[in-house]
Amino acid sequence: MDWKQYEKEIFEYFSSEYPDADIKHNVMLVGRYSKVQRQIDILIEEYVAGNKFQIVIDAKYFSKNIDVKDVESFISMLADIGAHKGLLITKNGYSQAAINRAFNDPNDIELDILNFDELKRFQAFGAITYAGENGVLLPAPFGWILDYRASDAWLALLYQRGLNLEEAQKKDEWMYINLWDRKANNDKLEDLMSTQEMNLLESDKDVRWEYNDTIKRTDARTKIRIANYKKYNPEITGFVEFQDFIFFCVLFTPKELVLKNIRKVENILKNIRQVKINNLTKNYVQQKV
């Protein structure tokens, strides 16, 4: 395989994974700051909540590992063209310093690095999450993975690829998932939110809420709520009210990363699909975990 075949295979893969997006190969865009043409291997444009978002993919056909300088050059290019997400794909591999640099950039840009061999598993960073007969097909957000460490408070966890749960919690950048059965009390989204907010007020009387417009679905209602604390980082909750249950995900994030991480919540609200769980489905899920 030469570099042209390498780029072609990556382009074909993402074309199949983003069938509703506008995907182009070998694109030239004028930089906002450099004022020169910037070459982009693969450009994906999609709409979230009525806003256009750009994902830039750079296919590195290197015989050596990607390192910090490669990541910083990519970050600079993303900022110059105003992209929101960037994915570096390497034929060989990447250094730990490179992945650290990609995951800890302070700018409002999402970054990830994948080895070419990991590409086919990229969309597999997600699974079916369920409670009783209700479940959702849940894709992990860009650069994050799903952890099935269930508890009384959640069904699953999400955090940055390359970290463990303890490291993610130490950074205060992680998310948990849960489902609320509507059948028992004929609950609506407002009932669940009111119950949650009463519980939060018991632990912190100074908490204040704001509600954001978010993505729209034809099959369910959606809502995003931000709980603002005086002493703690904000807590962002995304809701999807299906006919039989309410899906919600709770994100903990540093204040400076709210704009970046709220996109992860919107990505989940947009892409989850409800499923009904039977014994066959349950056995399949248990085999995958």
Side-chain angles (χ1 to χ4, degrees), residues 1-15 17-18 20-116 118-119 122 141-144 160-162 173 253-264 266-267 270:
M1 178 186 296
D2 61 20
W3 67 270
K4 290 184 179 179
Q5 293 171 315
Y6 177 72
E7 286 188 11
K8 184 174 183 292
E9 183 166 342
I10 294 172
F11 173 75
E12 290 175 349
Y13 173 77
F14 281 97
S15 295
E17 292 296 324
Y18 288 81
D20 298 324
D22 183 16
I23 304 181
K24 299 174 183 176
H25 181 218
N26 193 22
V27 178
M28 302 297 292
L29 293 179
V30 176
R32 298 182 297 175
Y33 310 118
S34 67
K35 309 300 181 184
V36 299
Q37 296 276 352
R38 307 298 298 262
Q39 190 273 333
I40 300 166
D41 291 342
I42 299 168
L43 177 66
I44 303 174
E45 295 181 326
E46 60 176 352
Y47 284 84
V48 177
N51 298 310
K52 183 170 73 172
F53 288 88
Q54 293 181 323
I55 303 174
V56 171
I57 299 171
D58 196 359
K60 296 294 188 186
Y61 195 72
F62 289 174
S63 59
K64 59 181 180 65
N65 286 355
I66 284 178
D67 206 346
V68 173
K69 289 183 178 180
D70 301 306
V71 177
E72 291 182 336
S73 176
F74 187 49
I75 291 172
S76 176
M77 190 265 285
L78 293 175
D80 196 23
I81 63 173
H84 303 92
K85 301 180 183 180
L87 178 60
L88 274 170
I89 300 176
T90 169
K91 180 176 70 72
N92 193 35
Y94 43 81
S95 68
Q96 186 59 48
I99 201 73
N100 290 343
R101 181 67 181 87
F103 283 163
N104 293 286
D105 187 74
N107 295 312
D108 188 24
I109 297 173
E110 296 183 46
L111 291 167
D112 200 2
I113 302 175
L114 290 178
N115 184 282
F116 184 66
E118 296 175 311
L119 179 60
F122 182 61
F142 201 77
W144 285 36
Q160 193 178 91
R161 186 169 66 88
E173 192 176 10
T253 177
K255 291 181 181 179
E256 63 271 18
L257 297 179
V258 166
L259 291 178
K260 176 189 289 189
N261 284 333
I262 203 167
R263 291 180 187 155
K264 294 180 172 60
E266 290 191 318
N267 179 269
K270 175 186 176 182

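What you are looking at is a predicted structure, and each value in this text was computed from that prediction instead of being measured.
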When you compare the side chain of [Y] with that of [X], does any pair of heavy atoms fall below 4.5 Å?
X	Y	value
Tyr13	Ile89	no
Val30	Gln37	yes
Lys85	Ile44	no

Strictly distance-based, threshold 3.5 Å: is any side-chain N or O of [X] a donor or acceptor partner for the main-chain N or O of [Y]?
X	Y	answer
Gln5	Asp2	yes
Asp58	Phe74	no
Asp41	Asn26	no
Asp67	Lys69	no
Asp80	Tyr33	yes
Ser76	Glu72	no

State whether Glu12 and Lys8 are salt-bridged, where the test is any N-O pair (Lys NZ or Arg NE/NH1/NH2 against Asp/Glu carboxylate O) under 4.0 Å.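 Salt bridge present between Glu12 and Lys8.
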Atom of Phe11, atom of Lys24 and distance for their closest heavy-atom approach: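 Closest approach of Phe11 to Lys24, heavy atoms only: CE1-C, 3.7 Å.
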Six-ring centre of Phe116, Lys91 cation under 6.0 angstrom, axis tolerance 45°: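 No, Lys91 does not lie over the aromatic ring of Phe116.
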Can you tell me if NZ on Lys64 sees more than 12 non-hydrogen neighbours from other groups inside 6.0 Å?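 Atom NZ in Lys64 is packed in, count exceeds 12.
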